[in-house]
Amino acid sequence: MIEIKNIYKKFGKLEVLNDVSLTFNKGECIALIGPNGCGKTTLIKSVLGMVIPTKGNILFDGKSILKKYKYREQIGYMPQIGRYPDYMTVGQIIEMIKKIRNSNEDLDEDLIKAFELEKIFDKQMRTLSGGTTQKVSAILAFLFNPDVLILDEPTAGLDPLASEILKEKIIKEREKGKLILITSHLLSELDDMISQIIFMQDGKVHFHKTIADLLESTNEQKISKAIASILKQKQPEIRNSKPALYYEQNH
C-alpha cells in the first residue's frame with residue numbers, strides 16, 4: 001500500500017534520512033521505534049507530504065505522492081502534540097474539520113462517545129490539559145474512517161483508562177484491515193497491538209521484523225525485552241543527536 005524507495009533527506013549538511021526503503025501493507029500495525037533524532041518523525045512527515053525527500057520516491061497504492069495531495073484524504077494523522085486555535089471550543093474544532101473535509105463518508109465517532117467528549121464540547125482549547133488535547137487529536141485522526149492511520153506517540157499524556165480505550169480502538173481498526181503506523185517510546189504498550197516493528201538509528205533502518213520473528217529470534221516473550229536483546233547483540237551507539245532532533249521537531 002505504501003512503498004518507500006531509497007529516500008534521503010538533508011537539512012543543510014545534516015542527513016536525517018539515509019537510503020530508507022520500506023513497504024507497508026494493509027492489515028498491518030507497525031511500530032516505528034528508535035532514539036530521539038533517528039529519523040522517525042521526518043520519515044512520517046515525508047509520507048504525509050509535509051517533508052519533501054532530497055532523493056528517492058514514496059508510492060501510495062502504486063502512485064508517487066510527490067507533488068500530490070489527494071492521497072492524504074485516505075490518511076488519519078495524530079500528531080504527538082496537537083496545536084489548535086486557543087479560543088475555539090472542542091465542538092467548534094470538530095465541526096470545522098468536518099466542514100473542511102466535506103466528506104460524504106460515514107463518520108467514525110466511536111472515540112467521541114468512548115472519551116465522553118460531548119461533555120466538554122463547549123470548553124475552549126486553551127483550557128484543556130495535554131491529555132484532553134490528545135483525545136481531540138485521536139478523535140480527528142479516526143473521524144473520517146481512513147484506510148491508513150499514522151499515530152505519533154498516541155498514548156503520550158493519556159490517563160490509563162483513555163490509553164486503554166485508544167489501544168482497543170487501534171486493535172479494532174487493525175482487524176478491519178487498515179494499515180496503522182505507530183511511533184512510541186513505551187514498548188511495553190505495544191505488545192497487544194503491533195504485527196511488525198522497525199528500528200531506526202542515525203537515519204537508517206537497522207531492522208524490520210514481524211513480531212513473531214522478533215520474539216522467536218530472541219527467545220523472548222515481550223517486545224521490550226526482545227528489542228533490548230537485539231540491541232545488546234549489535235551494541236549500537238545509541239545517542240541523542242541534538243541537531244537531528246531539532247530538525248525532526250521543526251520539519
Side-chain angles (χ1 to χ4, degrees), residues 1-81 141 146-154 178-185 190 194-211 213-214 227 230-231 234 236-251:
M1 187 169 191
I2 298 177
E3 293 179 74
I4 297 169
K5 295 189 169 185
N6 308 106
I7 67 168
Y8 294 77
K9 181 59 187 179
K10 284 186 175 182
F11 294 111
K13 295 181 178 180
L14 181 67
E15 191 166 63
V16 182
L17 295 175
N18 184 343
D19 196 19
V20 174
S21 293
L22 293 164
T23 299
F24 306 134
N25 295 311
K26 291 181 179 179
E28 300 287 356
C29 185
I30 304 169
L32 186 60
I33 68 169
N36 289 338
C38 70
K40 301 189 301 290
T41 299
T42 301
L43 181 62
I44 284 174
K45 289 185 176 181
S46 297
V47 172
L48 291 168
M50 298 165 68
V51 168
I52 307 301
T54 306
K55 284 177 18 182
N57 203 356
I58 299 174
L59 307 182
F60 190 99
D61 283 343
K63 298 178 182 178
S64 175
I65 69 169
L66 300 181
K67 298 183 180 179
K68 304 290 194 309
Y69 67 92
K70 290 289 288 182
Y71 77 97
R72 298 179 199 167
E73 294 179 359
Q74 299 179 61
I75 299 177
Y77 174 52
M78 180 180 175
Q80 183 176 353
I81 301 173
D147 295 326
V148 178
L149 289 155
I150 298 179
L151 313 175
D152 194 357
E153 299 284 351
K178 296 186 179 183
L179 167 61
I180 303 171
L181 301 178
I182 299 176
T183 70
S184 180
H185 284 98
L190 299 176
I194 64 173
S195 55
Q196 297 181 19
I197 195 160
I198 296 165
F199 182 85
M200 292 185 67
Q201 184 185 329
D202 297 330
K204 298 179 181 179
V205 174
H206 278 250
F207 63 81
H208 180 185
K209 291 177 176 283
T210 65
I211 297 305
D213 286 345
L214 175 70
I227 295 295
I230 287 181
L231 296 184
K234 290 178 174 286
E237 296 177 1
I238 305 294
R239 61 184 182 277
N240 293 336
S241 172
K242 292 183 180 179
L245 178 58
Y246 170 82
Y247 279 109
E248 280 201 26
Q249 291 177 334
N250 291 277
H251 292 80

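Starting from 1, each residue takes its place in the sequence as its number.
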Which atom of [X] lies closest to which atom of [Y], heavy atoms considered:
{"X": "M200", "Y": "P35", "result": "O-CD, 3.4 Å"}
{"X": "V47", "Y": "Y71", "result": "O-OH, 2.8 Å"}
{"X": "H208", "Y": "T23", "result": "CE1-O, 3.8 Å"}
{"X": "Y8", "Y": "N6", "result": "CD1-O, 3.5 Å"}
{"X": "G203", "Y": "V20", "result": "O-CG2, 3.4 Å"}
{"X": "P146", "Y": "A141", "result": "CG-O, 3.5 Å"}

Mind running side-chain contact (heavy atoms from CB on, under 4.5 Å) on I30 and L179 for me, showing each step along the way?
CA-CA 8 Å; I30 304 169; L179 167 61; 4.1 Å; yes
Please round to the nearest 0.5 Å and tell me the distance separating atom [atom1] of [X] and atom [atom2] of [Y].
{"X": "I150", "Y": "F24", "atom1": "CD1", "atom2": "CZ", "result": "8.5 Å"}
{"X": "M78", "Y": "T183", "atom1": "CE", "atom2": "OG1", "result": "10.0 Å"}
{"X": "D61", "Y": "E3", "atom1": "CG", "atom2": "CD", "result": "10.0 Å"}
{"X": "K67", "Y": "I65", "atom1": "NZ", "atom2": "CD1", "result": "13.0 Å"}
{"X": "Y77", "Y": "L149", "atom1": "OH", "atom2": "CG", "result": "13.0 Å"}
{"X": "Q201", "Y": "I33", "atom1": "CD", "atom2": "CD1", "result": "11.0 Å"}

Across all chains, not counting sequence neighbours, the side chain to side chain contact (heavy atoms under 4.5 Å, CB included) partners of L66 are P53, N57, S64
Is any side-chain heavy atom of [Y] closer than 4.5 Å to one of [X]?
{"X": "V148", "Y": "F60", "result": "yes"}
{"X": "T54", "Y": "L17", "result": "no"}
{"X": "D152", "Y": "T41", "result": "yes"}
{"X": "I211", "Y": "I194", "result": "yes"}
{"X": "L59", "Y": "K5", "result": "yes"}
{"X": "L214", "Y": "F199", "result": "no"}
{"X": "L43", "Y": "I7", "result": "yes"}
{"X": "L181", "Y": "I44", "result": "no"}

For N18 and D202, what are the C-alpha separation, side-chain angles and deciding distance, and is it a side-chain contact (heavy atoms from CB on, under 4.5 Å)?
CA-CA 8 Å; N18 184 343; D202 297 330; over 6 Å; no
More than 12 non-hydrogen atoms from neighbouring residues, nucleotides or ligands closer than 6.0 Å to NZ on K68, yes or no?
yes
Side chain S195, main chain C29, donor-acceptor under 3.5 Å:
yes
Taking K9 for its side chain and I52 for its backbone only, find out whether a donor-acceptor pair lies under 3.5 Å.
yes
